[in-house]
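Report on the following structure.
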Amino acid sequence: VLFRSDAEAILSVVEAYETARDAALTVYPDVSEALATLAAGGLTLIAASNGNVGLDRVGIGRHISATHYAHEVGAQKPDPRFYALALERFGLAPDRVLVVGDRLDNDYEPARAAGLHAVLIDRNDVVTDASVVRIRALTELPRLIEVD
């Protein structure tokens with residue numbers, strides 16, 4: 001049984017941890033520019049993640065329309081329900097969604113299995129499978145997208 005003061009102390013520690021974690025994160029230099037370009041092009045950008053990074057604290061929140069965090073929705077990648085819940089929650093058709101992630105097993109493959117389009121950010125040019133749509137920097141993404 002937690003007493004109110006215990007719960008408040010725990011929440012305070014969690015908040016301090018998340019603030020320190022976010023302050024220590026380094027956002028790749030191409031991310032903010034790419035997100036600004038995509039948002040200016042009229043795309044709705046949703047951060048869908050197993051994590052819970054404070055997007056405003058890392059400087060990219062202004063570009064993001066919404067978040068879809070695993071701890072809030074009760075399913076995490078690579079579980080297919082993670083993407084199904086996002087589609088339902090935001091009223092999106094699978095063929096109108098592009099998932100961009102940096103892991104084959106946790107981002108790219110589950111998104112494709114859910115019927116979504118996907119692009120892998122392969123910053124170190126490690127993936128050799130020619131069937132995987134990939135980019136080395138997020139600034140390469142706008143040239144791959146058709147906006148209608």
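Computed from a predicted structure; not experimentally measured. By convention here, the first residue in the shown sequence is residue 1.
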Audit row: R134, D125, salt bridge (charged side-chain N to carboxylate O under 4.0 Å, His left out) steps and yes/no: CA-CA 9 Å; R134 59 195 180 95; D125 207 20; 2.5 Å; yes
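At distances below 3.5 Å, not a single donor-acceptor pair connects side-chain atoms of D30 with backbone N or O atoms of A137. Proximity of a side-chain donor or acceptor of S12 to a complementary backbone N or O of E8 within less than 3.5 Å is not detected. A donor-acceptor pair under 3.5 Å is absent between the side-chain atoms of N124 and the main chain of V126, judged by distance alone. Looking at D107, its side chain does come within 3.5 Å of a backbone N or O of R103 through a donor-acceptor pair.
Put simply, the residue from D95, L87, L98 that forms a side-chain contact (heavy atoms from CB on, under 4.5 Å) with L116 is L87. The only option from V100, T139, I145 that meets the side-chain contact (heavy atoms from CB on, under 4.5 Å) definition with L38 turns out to be I145.
When every heavy atom of R81 is checked against every heavy atom of G74, the shortest pair comes out as NH2-O, 3.5 Å. V27 and V58 get closest at one heavy-atom pair: CG2-O, 3.5 Å. Here the shortest heavy-atom pairing between P78 and P110 reads CB-CG, 3.5 Å. Heavy atoms only, all atoms of each residue included: S32 and G59 are closest at OG-O, 4.5 Å. Nearest heavy-atom pair across D56 and G61 is OD1-CA, 3.2 Å.
Placement of Y83 and L120 in two distinct hydrophobic clusters is found when ILVMFWY residues are connected by side-chain heavy-atom separations under 4.5 Å, directly or transitively. Criterion: ILVMFWY side-chain heavy atoms under 4.5 Å apart, direct or through other members. Under it, V119 and Y108 are part of a common hydrophobic cluster. Grouping the Ile, Leu, Val, Met, Phe, Trp and Tyr side chains by contacts below 4.5 angstrom, directly or via other members, places V99 with L85. Residues L144 and V127 are members of one and the same hydrophobic cluster, defined by side-chain heavy-atom contacts under 4.5 angstrom among Ile, Leu, Val, Met, Phe, Trp and Tyr.
Contacts classified as side chain to side chain donor-acceptor pair (under 3.5 Å) and involving residues 109-118 (residues at least two apart or in different chains) are not found.
Remark: D102 CG to I121 CD1 distance equals 6.5 Å, nearest 0.5 Å. For the atom pair R62 CZ and L55 CG, the distance stands at 11.5 Å (nearest 0.5 Å). Atom CD1 in I10 sits 14.0 Å away from atom CD in E15 (nearest 0.5 Å).
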Let me check something: any side-chain donor-acceptor pairs from residues 39-50 under 3.5 Å, sequence neighbours excluded? List them with distances.
from : atom 1 : to  : atom 2 : distance (Å)
S49  : OG     : G51 : N      : 2.8
N50  : OD1    : K77 : N      : 2.8
N50  : ND2    : K77 : O      : 3.0

Identify every side-chain donor-acceptor pair in residues 65-73 under 3.5 Å, counting partners at least two apart or on other chains, and give the distances.
from : atom 1 : to  : atom 2 : distance (Å)
H68  : ND1    : R89 : NH1    : 3.1
H68  : NE2    : F82 : O      : 3.0
Y69  : OH     : V53 : O      : 2.8

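Remark: E140 CD is packed, more than 12 non-hydrogen atoms of other residues, nucleotides or ligands lying under 6.0 Å away.
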